[in-house]
Amino acid sequence: MNKRAEFVATNLEQAAFWMPFTANRQFKKSPRLLARAEGMYYWTHDGRQVLDGTSGLWCVNAGHCRPKIVEAVKRQVAQMDFAPTFQMGHPVAFEFAERLAQIAPQGFSRVFFTNSGSESADTALKIALAYHRARGEPGRFRLIGRERGYHGVNFGGMAVGGITANKKVFGPGVAGVDHIRHTHDLARNAFSRGQPKHGAEFAEELERLCVLHDPSTVAAVIVEPVAGSAGVLVPPLGYLERLREICTRHGILLIFDEVITGFGRLGAPFASQHFNVMPDLFTVAKGMTNATVPMGGVFVKDSIFQPFMQGPEGIELFHGYTYSGHPLACAAGIGTLDTYEEEGLLTRGAGLAKLWEDALHSLKGAPHVIDIRNCGLMAAIELEPRAGQPGRRAYEVFLKAFEAGVLIRVTGDTIALSPPLIVERRQIDRIVSCVGEMVRGVP
Ligand SMILES: Cc1ncc(COP(=O)(O)O)c(C=O)c1O
């Protein structure tokens, strides 16, 4: 155990670190500390190897500590640690943006840099509002999200998000926001493989909201192509197409939040390509730099960008972050894209998806399992909640799996899985057999 790990292992109960999205008191009483990582694995502070079934937090798509990325960051930090991008520039940001545009779906020619998925969501919403104003429709101010959607924790993303616990203590939020219903439908779609058959009609809710609010007041609709944090909700067949069609008909911008689905998670570089449905803007983060240095971004179509460039001379968008296009993040991003390209990782998931699906669905019939969902290299196993203790059963599975050397993620009573895209068959088998064993072992 190194000195730092030793310190935290012995002093945690009064530790200064206020941990995010964590039961701090519980955690600090019995901590789980990760001290090293490589490829598909973490090692705990006391030297146990843990197979990463979640790509960290849906973000380490190429696996851990990949040499090209590590080298790129080392070189960059020694050469230029930081440079502003307000009224100044540096080559590595321009180069990374160019490289990103090359792998983006056709027409997405511009990218705005942020530092996280939350900032990307808020940036996309602001670009949508400013775009309508730039083209002379300032009356489009409404933003529509979806129940069970997650778009980060900043005020814009929180407002359009649809996870109650993330909102309820933070006041009234942003005005002019509404939500369509989620697409989860256990009664009709449980144990679907890939896209569920039923539920395209849930998109009609958008039409209903358009009638209610008058579509000419609606600026944008934001959805995750596959809802991740709420438990891997795969869009029903025809659903995204229907949303696209309603948005187009009413002049509403469609924003895809690809913070999880971007960079190969579904077996294509982006979910829009996997589902063959194109948004007008889409957000990314996480896999953009393989999570090595925090970064996010918003891709926009040229047709969204151009109205900004046709206004009066001067700053076209009063928005940005000190660290937009940070040199280290851009260097990490270039190293990441090199790694993805050399190893074919942005499409590797497509070849593994069937194997992944079959392995997961082998848990059908295991005790407590009420649904299994999968898409690309994402999956969820939903457990029946224990009476009076929602979330507890899945949490126990998570703890036991970690003890057994496999990192999984839980949200409520759903186990979410998203291994690095370098995962091999034997590792898939290990993740699934471990989850199966733990699920069978909990009361
Ligand atoms: C779809 C989606 N959007 C936004 C975010 C927020 O990203 P961040 O935690 O980097 O702010 C997440 C994080 O999981 C996400 O899954």
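Numbering starts at 1 and runs along the sequence shown. Small disclaimer: the values here were computed from a predicted structure and weren't measured. Each ligand, and each atom within it, is numbered from 1 in the order the structure gives.
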Are there over 12 heavy-atom neighbours, none belonging to Glu341, within less than 6.0 Å of that residue's CD?
yes
Would Arg48 count as a cation-pi partner of Phe402, with NZ or CZ less than 6.0 Å from the six-membered ring centre and within 45° of the ring normal?
yes
For a 4.5 angstrom cut-off between non-hydrogen side-chain atoms, does Asn374 reach His361?
yes
Across all chains, not counting sequence neighbours, the side-chain contact (heavy atoms from CB on, under 4.5 Å) partners of Thr347 are Pro269
Spatial distance of atom NE2 (His368) from atom CG (Leu363) [nearest 0.5 Å]:
12.5 Å
Ring centres of His64 and Tyr41 under 6.0 Å apart?
no
For ligand 1, output the ligand-protein N/O contacts shorter than 3.5 angstrom; if there are none, return none.
{"unit_1": "ligand 1", "atom_1": "3 (N)", "unit_2": "Tyr150", "atom_2": "O", "d": "3.4"}
{"unit_1": "ligand 1", "atom_1": "3 (N)", "unit_2": "Asp257", "atom_2": "OD1", "d": "3.3"}
{"unit_1": "ligand 1", "atom_1": "3 (N)", "unit_2": "Asp257", "atom_2": "OD2", "d": "2.7"}
{"unit_1": "ligand 1", "atom_1": "7 (O)", "unit_2": "Gly117", "atom_2": "N", "d": "3.4"}
{"unit_1": "ligand 1", "atom_1": "7 (O)", "unit_2": "Ser118", "atom_2": "N", "d": "3.4"}
{"unit_1": "ligand 1", "atom_1": "10 (O)", "unit_2": "Gly117", "atom_2": "N", "d": "2.8"}
{"unit_1": "ligand 1", "atom_1": "11 (O)", "unit_2": "Gly117", "atom_2": "N", "d": "3.4"}
{"unit_1": "ligand 1", "atom_1": "11 (O)", "unit_2": "Ser118", "atom_2": "N", "d": "2.7"}
{"unit_1": "ligand 1", "atom_1": "11 (O)", "unit_2": "Ser118", "atom_2": "OG", "d": "2.5"}
{"unit_1": "ligand 1", "atom_1": "14 (O)", "unit_2": "Lys286", "atom_2": "NZ", "d": "3.0"}

